[in-house]
Protein chains: 2
Amino acid sequence: MLQLDYRSGESLYVQIKENFKRLILSKSLKEDELLPSVRALASSLAINVNTVQRAYRELEQEGYIYSIPGKGNFVAGKIEDAKQKSVSEIREELSKIVEKARAFGVEQEEFQEMIKEFYNKGGKQS
Amino acid sequence: MLQLDYRSGESLYVQIKENFKRLILSKSLKEDELLPSVRALASSLAINVNTVQRAYRELEQEGYIYSIPGKGNFVAGKIEDAKQKSVSEIREELSKIVEKARAFGVEQEEFQEMIKEFYNKGGKQS
DNA sequence: CTAACTGTATCAATCATATTAATACAGTTA
DNA sequence: TAACTGTATTAATATGATTGATACAGTTAG
């Protein structure tokens, strides 16, 4: 169901989170679809239950899934809300970087130029 | 000469670095001006010599100062080069954030809008 | 009602890293 | 040579992130 990379440097629970986010955002997992149980996934990945649990908990806090104790974890509806939240965090980070950049005298125009660059570079698909 | 904030969460050597960067970028410290000796500054701040030393070492690596063993640490010339380096690091961070944002479907226009906001918000002085 | 599933909470062990400190080494100069 | 300078090495400490062991609790099929 899911592949872990032990050499990536990323922690296991973060990898699990990112995997499910991708699957949900791309609609590979549909609204209200049941996710593997924490124990089933932990077992199949040969990791601890709590590691999966932590990923699920945070996915729920971020609005990507909802949990029903005793039943399971399911893909949430209104994924747009979750997206919004993620974007909010990105805004936070961006805000700090802008602050830094200003301290070094980087003007708005220059900053905008960088964005353009990055959007063109990374933009090979879509 | 310099003020430390023990409640800021920032480590001491980082605070020292930022302080001197600001002083140098604002020309409060002029080219080739002598900085306080590691021991003098450590003593006046009541901290360890190596904490100051670390700040100075990194300031040198980043091109803000130069060091002459036995003599002291001095404000570097060509501060523009140091600025460039700092901006390069900011670019790195920015690149990662753009990548993230794209993963959540944030379009370039929306991103540019955020930048505008932040530049206007933060822009109370100058 | 009970067995076998589900998720959850608590606490501890582990690991990694950042930060600071103690101390010895080495160059400069009056 | 004494009293300054910076530097390198190593260790102690603190902090936080990550994972694990284990117990608690809800749901449901039989």
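A note on names: the letters A, B, ... follow the listed sequences, proteins ahead of strands, and every chain is numbered from 1.
For B/Asn50 and D/dA11, a side-chain-to-base donor-acceptor distance below 3.5 Å is absent, hydrogens and geometry of angles not being considered.
Across all strands shown, C/dA30 pairs with D/dT1; the Watson-Crick or G-U wobble distances both stay below 3.5 Å. For C/dC25, the paired base is D/dG6 (Watson-Crick or G-U wobble, both distances below 3.5 Å).
Between A/Ile68 atom CD1 and D/dG26 atom C1' there is a gap of 11 Å when expressed in whole angstrom units. Distance, A/Tyr66 OH to C/dG7 P: 13 Å, rounded to whole Å. Distance, A/Lys17 NZ to D/dT19 P: 12 Å, rounded to whole Å. If you measure from atom CZ of A/Arg39 to atom P of D/dC24, you get 14 Å, rounded to the nearest angstrom. The distance from atom OH of A/Tyr13 to atom C1' of C/dT14 is 16 Å, rounded to the nearest whole Å. To the nearest angstrom, P of C/dT8 lies 8 Å from CD1 of A/Ile65. Distance, A/Phe74 CZ to C/dG7 P: 8 Å, rounded to whole Å.
Within 6.0 Å of the CD atom in A/Glu99, the count of heavy atoms belonging to other residues, nucleotides or ligands does not exceed 12.
A side chain to side chain donor-acceptor pair (under 3.5 Å) with A/Tyr13 is found for exactly one of A/Arg54, A/Gln53, A/Arg57, A/Glu18, namely A/Arg54.
Checked against C/dA22, C/dT8, D/dA21, the side chain of B/Asn48 finds its nearest nucleotide in C/dA22. Closest contact between the side chain of B/Ser37 and the listed nucleotides D/dT19, D/dT7, D/dT5 involves D/dT5. The listed nucleotides are D/dT28, C/dT19, C/dG7; the one nearest the side chain of A/Lys71 is D/dT28. Side-chain proximity of B/Leu12 to C/dT20, D/dT7, D/dA21: nearest is C/dT20. Closest to the side chain of A/Thr51, from the set C/dA21, D/dT19, C/dT20, is D/dT19.
A/Ser8 and A/Gln15 share a side-chain donor-acceptor pair at under 3.5 Å.
Taking 4.0 angstrom as the limit, A/Asn73 places none of its side-chain polar atoms (N or O) nearer than this to OP1 or OP2 of C/dT6.
The residue among A/Ser11 and A/Pro69 whose nearest nucleotide of DNA chain D is located toward the 5' end is A/Ser11.
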